[in-house]
Amino acid sequence: MAWILVVIAGFLEPCWVFTMKKSNSFKDLKWGALTMVLMVFDLYLLSIVMQTLGAGLSYAIWTGIGAVCTFLLGVFVYKESATFIRIAFIFMIIAGIVGLNLTSEVL
């Protein structure tokens with residue numbers, strides 16, 4: 001169950017990044033409130049996961065999923081550049097997450 005929750009929490013991270021951008025630095029209260037709700041729920045899920053997977057592994061997976069998805073959000077929604085070097089570094093993040101999982105005692 002912890003693995004499912006950490007994946008859900010990881011995918012929530014780019015959701016609140018998207019709503020934060022839409023909030024215009026929290027000037028739009030509707031988007032700002034949605035950002036806060038998503039952040040709190042996201043961190044709540046992460047806190048549950050940490051009880052099973054530990055803080056280091058949980059946080060690494062959570063931030064890795066969030067970083068990759070936020071990068072993709074930036075490229076496809078906000079038309080940010082997807083240069084070879086940026087894509088290579090994203091693959092390094094993915095390789096790091098896989099490596100942590102393979103060397104973790106909690107599988």
Side-chain angles (χ1 to χ4, degrees):
M1 187 64 172
W3 289 99
I4 294 168
L5 292 180
V6 77
V7 169
I8 292 169
F11 283 114
L12 278 175
E13 193 173 357
C15 293
W16 61 255
V17 169
F18 175 79
T19 60
M20 188 182 333
K21 178 123 172 103
K22 296 288 274 183
S23 78
N24 191 25
S25 299
F26 292 93
K27 293 175 186 141
D28 184 326
L29 295 180
K30 174 185 73 172
W31 287 105
L34 181 56
T35 300
M36 297 305 294
V37 168
L38 288 171
M39 285 175 140
V40 168
F41 185 60
D42 192 24
L43 291 173
Y44 172 71
L45 290 179
L46 180 62
S47 73
I48 291 171
V49 170
M50 284 182 172
Q51 295 173 7
T52 303
L53 299 182
L57 182 60
S58 300
Y59 187 74
I61 294 167
W62 179 70
T63 56
I65 292 170
V68 171
C69 291
T70 302
F71 169 77
L72 294 172
L73 180 71
V75 169
F76 291 109
V77 175
Y78 298 114
K79 306 300 182 209
E80 295 174 1
S81 66
T83 62
F84 173 78
I85 194 73
R86 292 185 80 205
I87 293 168
F89 283 122
I90 287 295
F91 277 107
M92 285 184 204
I93 291 171
I94 294 167
I97 294 168
V98 170
L100 282 172
N101 286 328
L102 292 174
T103 59
S104 173
E105 298 168 4
V106 184
L107 293 173

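Everything quoted here is computed from the prediction, not taken from an experiment.
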Reported [atom1]-to-[atom2] distance for the pair [X] and [Y], which is rounded to 0.5 angstrom:
X: L100; Y: I61; atom1: CG; atom2: CD1; answer: 7.5 Å
X: T70; Y: F18; atom1: OG1; atom2: CZ; answer: 12.0 Å
X: M50; Y: L43; atom1: CE; atom2: CG; answer: 8.5 Å
X: L72; Y: I90; atom1: CG; atom2: CD1; answer: 7.0 Å
X: S47; Y: D42; atom1: OG; atom2: CG; answer: 10.0 Å
X: L12; Y: W62; atom1: CG; atom2: CH2; answer: 10.0 Å

Quick one: does any side-chain atom of S58 pair with a main-chain N or O of A55 as donor and acceptor, under 3.5 Å? no
Any donor-acceptor N/O pair, T35 side chain to M20 backbone, under 3.5 Å: yes
For F71, look at atom CZ and say whether over 12 heavy atoms of other residues, nucleotides or ligands are found less than 6.0 Å away. yes
Are there over 12 heavy-atom neighbours, none belonging to F84, within less than 6.0 Å of that residue's CZ? no
With no hydrogens and no angle check, just 3.5 Å: does a side-chain donor-acceptor pair link W31 and N24? no
Determine, stepwise, if the pair S81 / R86 fulfils side chain to side chain contact (heavy atoms under 4.5 Å, CB included). CA-CA 8 Å; S81 66; R86 292 185 80 205; 3.5 Å; yes
Return the minimal non-hydrogen interatomic distance between [X] and [Y], and the atom names on each side.
X: N101; Y: L57; answer: OD1-CD1, 3.3 Å
X: F11; Y: C69; answer: CE2-SG, 3.2 Å
X: K22; Y: D28; answer: O-CB, 4.2 Å

Same cluster or not: [X] versus [Y], using hydrophobic residues (I, L, V, M, F, W, Y) connected whenever any side-chain heavy atoms lie under 4.5 Å apart?
X: L38; Y: L29; answer: no
X: Y44; Y: L5; answer: yes
X: F89; Y: I93; answer: no
X: I48; Y: W3; answer: yes
X: Y59; Y: M92; answer: no

Pick from T52, V49, L45: which one makes a side chain to side chain contact (heavy atoms under 4.5 Å, CB included) with V6? V49
Can you check whether K21 reaches Y78 side chain to side chain, under 4.5 Å on heavy atoms? yes
